[in-house]
Protein chains: 2
Amino acid sequence: MNSAPAPASTPADSLDDLPSPAQDAAATLAAFEASGSGGQAKNLHGEVLARLRTYIVEGNLADGARVPERQLCELFGVSRTPLREALKVLAAEGMIDLLPNRGARVRALGPDEIREAFDVMGGLEALAGRLACERITEAGFEEIERLHYAMYGFYLRRDLSGYFRCNQAIHQKIVEAAGNATLKATYDSFANRCRRVRYAANLDRQHDRWGEAMREHEAILEALRRRAGSELGDILFQHLRNKSVAALEQKTQDPESAPAAG
Amino acid sequence: MNSAPAPASTPADSLDDLPSPAQDAAATLAAFEASGSGGQAKNLHGEVLARLRTYIVEGNLADGARVPERQLCELFGVSRTPLREALKVLAAEGMIDLLPNRGARVRALGPDEIREAFDVMGGLEALAGRLACERITEAGFEEIERLHYAMYGFYLRRDLSGYFRCNQAIHQKIVEAAGNATLKATYDSFANRCRRVRYAANLDRQHDRWGEAMREHEAILEALRRRAGSELGDILFQHLRNKSVAALEQKTQDPESAPAAG
DNA sequence: AGGCGCCATTTTGCATTCATTTTTTATGGA
DNA sequence: TCCATAAAAAATGAATGCAAAATGGCGCCT
């Protein structure tokens, strides 16, 4: 169930020289990550859907590779019917393509599609920011603030994994603070679709972009503090767009970097 | 295929006293509507999915009603397998709820969910406006301008149906002008989900709201003309929000107005 | 020797069938 | 008469079986 790559150990206990809110970085992050991902696994179809989704998201299937029904059936230990239903849903979510009479292929996100998806995520986050400014409580803001400083701690320690997870947690929290379940569901769907790209393409060797992203996050927190909805929306959209540009630049440098297990 | 209620006749030939671009209102609108809706019907599953979607959107099933597999099977003349696959997809799209072992129910959009869906659509349209300002050509703008004046013509004639369809066409065109297929697909999904509400709730007896909406559209066109992306985004979001407020107000006055066939 | 067409195997799409759960109905007791 | 319990009926969830299309391999023709 833990789809994010697990760090070897928590470096939190040696973070004494950081700003004070960052001390509970690992705790804050762990608390967030524990609360999420309540996947519904009532009937077999739902379970297969969830398992297959993570299976694909985690990169077990190459881009554009065939998705063999038969093999997955015996891998999951189910018949073809529920698996085929899951395939249809994943196709509707845009994670795979369903060629008529020719089976399913994992959708290879080309540069254009990555750009598109990131722009949509940017639009959704902009909306989330706007709504969050309308509805967020002071306590909610403070939680994001804590995550922000925790992220800053990871940034100072050059802990990419922790930074990455905090980053995701902040964006997730903003979306949740919007108080719009429909938005959250849509956003999560896109986040899933982009996960393969996001981790691999996230400022792995572009430390200059890393600092820029950190500054953007400062602006995000600042706008959220002032409840400046429209402005926050602009910043979030631009943030996502910069992220996609960086991702694409790296992708061209590093053509096929399979993000198999981090 | 024509899910919008068809007007009895085209009143275009008697529009001499309107602003000149409005004369070809019907032609402009017809040209737009002819170009749309290329549904993929390769295999049986896809066809059933499309048919079932329109079947539900057009209001043949009451809110919260059971979706009887068996009856639909013989209605569409297929076995349960493809129909069930279609149901799973519709559930993923959020159009129906799938209760385990208890069948499917058409999702009843309560006030909260309507608000949520309209806000998301507003966010998507805001994004579309922003992107459209980056990418739209002069020809594309002029097409929207034509539709706008056509809509104005319908507004002056108090032709609600024509106005409504022009309105939809404009929003659709803005989304298309964004040049982002992913965005368009997501937007269309939400538009489908809201269609039942939108027509019924659209300024049917609220002629004051009608004028307000018309003024907002003036502002939309103006911002688009200046390619003011962020501003256009704000306007579009607010426009959708006002629309949802009006929709909800009317819905409370008119508790269960089934929009069956206009 | 290389390209083209034909046949076998595999895979996909769909219908049918079986098992489990829910819903309805009928019956008995209070 | 009303409620509770239980059996029958219906509907859902999943598996299997069958027809059609595609993929791969082979021989044949040029």
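Numbered from 1 within each chain, the chains take letters A, B, ... in sequence-line order.
Computed from coordinates, the A:L98 CG to C:dG13 P distance equals 6 Å when rounded to whole Å. In this structure, B:Q71 places its CD atom 13 Å from P of D:dA10, rounding to the nearest Å. At whole-Å resolution of the value, CG in A:N101 and P in C:dT9 are 21 Å apart. One can place NE2 of A:H45 at 8 Å from P of D:dA14, the figure rounded to the nearest angstrom. Between the C1' atom of C:dG13 and the NZ atom of A:K88 lies a distance of 8 Å, rounded to the nearest Å. If you measure from atom CG of A:L99 to atom C1' of C:dG13, you get 14 Å, rounded to the nearest angstrom. Between the CG atom of A:L83 and the P atom of D:dG13 there is a distance of 17 Å, rounded to whole Å. Computed from coordinates, the A:L49 CG to D:dA14 P distance equals 12 Å when rounded to whole Å.
Each of D:dA15, C:dA15, D:dG17 was ranked by its minimum atom distance to the side chain of A:T81; first place goes to D:dA15. Distance from the side chain of A:N43 is smallest for D:dG13 among the nucleotides C:dG13, D:dG13, C:dT16. When distances run from any side-chain atom of A:R102 to the nucleotides C:dC14, C:dG13, D:dA22, the shortest one goes to D:dA22.
Remark: A:R70 is not in phosphate contact with C:dT10, judged by side-chain N or O atoms under 4.0 Å from OP1 or OP2. Look at A:R84 and you won't find any side-chain N or O under 4.0 angstrom from OP1 or OP2 of C:dT12.
At a threshold of 4.0 Å, the pair B:D188-B:K184 counts as salt-bridged, since one of the basic side-chain nitrogens sits closer than that to a carboxylate oxygen. No salt bridge links A:K88 with A:E85; every basic N to acidic carboxylate O contact stays at or beyond 4.0 Å. Using a cutoff of 4.0 Å between basic side-chain nitrogens and carboxylate oxygens, A:D97 and A:R105 are not scored as salt-bridged.
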Quick one: do B:R66 and B:V106 satisfy side-chain contact (heavy atoms from CB on, under 4.5 Å)? Show the steps, please.
-> CA-CA 7 Å; B:R66 271 185 88 134; B:V106 299; over 6 Å; no

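When each of B:R66 and B:E85 is assigned the nucleotide of DNA chain C with its nearest heavy atom, B:E85 is the one assigned upstream, toward the 5' end.
Taking the six-membered ring where the residue is Trp, B:H171 and B:H239 present parallel rings, their angle staying beneath 30° rather than reaching 60°.
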